[in-house]
2 protein chains.
Amino acid sequence: MPASGDRLRQLLPGGVFEANCPSRVVLDHVTSKWGVLVLVALDDRVLRWSELRRTVEGVSDKMLAQTLRSLEGDGFVHRDVRPVIPPHVEYSLTPRGRELVALLLPLFTWIVENAHDIVG
Amino acid sequence: MPASGDRLRQLLPGGVFEANCPSRVVLDHVTSKWGVLVLVALDDRVLRWSELRRTVEGVSDKMLAQTLRSLEGDGFVHRDVRPVIPPHVEYSLTPRGRELVALLLPLFTWIVENAHDIVG
DNA sequence: CAGAATCCTATACGATACTG
DNA sequence: CAGTATCGTATAGGATTCTG
């Protein structure tokens, strides 16, 4: 007979709250200031650097580059460089990135829809 | 005939990437360094300060207080103070918090399960 | 166009000490 | 027990400039 709190224990292995749990690293990348926004912006889309820069309003060159490198390093984002002049670079989600964004999107949508009630 | 990118537009109202969109504030609270961890720790549980402190390994007094105040201010967390000595304070999710965590949990679970492949 | 490099600042964060 | 207060630092993050 499951006690309170067991939903968590059923879903999660032990030790997920440990300081050295590898999930903390990934969580930090995804939940970084611009991580969620960039990932959601790439949902079902292929965007160039400049498009991404314009879409995610307020992000600086430095942070966009840093965020994209981090997400690329984790295998969420694919960077496609066309060897032309002027440079043409396209960003898109990898299969793993699509898995992640599929879970991110309901959360993001809920926050968007409820934000006004929450902070207003 | 929906083009690529329309899944996003179907789910989300316009302007969600605008710098002054209120969702940014809520998103920042939830995805703060300790926000997700505290929220998930409270899933289906009522925890006292010291239990929360021990559960979310590595969090400092200051950050736990700050995170809880932020989440309480957004209406995700309920703070129940028993007027006894020594003090007894219990933290739990509000209905709104439970809505949020219901969406957070699949994401968190996926990250935990895949973290090893991603950073390993 | 797509960044890298540099510089600078705000603040997020942690450690410690203290208190009703 | 459940915090607050103070202090110090690291680093996240922004503005600007430069380049293949």
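Residue numbers start from 1 in every chain, and the chains themselves are labelled A, B, ... in the order their sequence lines are given, proteins ahead of strands.
Distances from the side chain of A/M63 to the nucleotides D/dG3, D/dG14, C/dC13 place D/dG14 closest. Residue B/A65 has its side chain nearest to D/dT4 when only D/dT4, D/dA2, C/dA4 are considered. Of the candidates D/dG3, C/dA2, C/dG14, D/dG3 carries the atom nearest the B/Y91 side chain, counting heavy atoms from C-beta on. Distances were taken from every side-chain heavy atom of B/S60 (C-beta onward) to each of C/dG14, D/dG3, D/dG13; the shortest belongs to C/dG14. For B/K62, taking side-chain heavy atoms from C-beta onward, the closest of the listed nucleotides D/dA2, D/dC7, C/dG3 is D/dC7. With distances taken from any side-chain atom of A/V89 to the nucleotides C/dA2, D/dA2, D/dG13, the minimum falls on C/dA2.
As judged by a 4.0 angstrom heavy-atom cut-off over every strand, B/R53 is placed among residues making no nucleic acid contact. Using a 4.0 Å heavy-atom distance criterion, B/R82 is classed as making no nucleic acid contact.
Distance, A/L37 CG to D/dA12 P: 18 Å, rounded to whole Å. Protein atom CZ of A/R69 is 16 Å distant from nucleotide atom P of C/dA2, rounded to whole Å. In this structure, A/E90 atom CD and C/dG3 atom C1' are separated by 16 Å, rounded to whole Å. Summarising the geometry, the separation between CG on A/L47 and P on C/dG3 is reported as 13 Å, rounded to the nearest angstrom. Distance B/K33 NZ to C/dT11 C1': 14 Å, rounded to the nearest Å. Atom CZ in B/R54 sits about 9 Å away from atom P in D/dA2, given to the nearest Å. Rounded to whole Å, atom P of C/dA2 lies 11 Å from atom CG of A/L64. We find that CG of A/D80 is positioned 11 Å from P of C/dG3, with the value rounded to whole Å.
Between B/F76 and A/W110, the ring-plane angle classifies as tilted under the 30° and 60° cut-offs.
Comparing A/G58 and A/P87 along DNA chain D, the residue whose closest nucleotide (by nearest heavy atom) sits nearer the 5' end is A/G58. Heavy-atom nearest nucleotides on DNA chain C were determined for B/Q66 and for B/D61, and the one closer to the 5' end corresponds to B/Q66.
A salt bridge links B/R53 to B/D61: one of the charged nitrogens lies within less than 4.0 Å of a carboxylate oxygen. Using a 4.0 Å cut-off between a side-chain N of Lys or Arg and a carboxylate O of Asp or Glu, A/R82 and A/D80 qualify as a salt bridge.
The local environment of NE2 in B/H88 is crowded, with over 12 non-hydrogen atoms from other residues, nucleotides or ligands closer than 6.0 Å.
Using a 4.0 Å cut-off, no side-chain N or O of B/W49 falls inside it from OP1 or OP2 of D/dT4. Between A/R48 and C/dA2 there is a side-chain N or O to OP1 or OP2 distance below 4.0 Å.
Considering only heavy atoms from C-beta on, B/L37 comes within 4.5 Å of A/L27 through its side chain.
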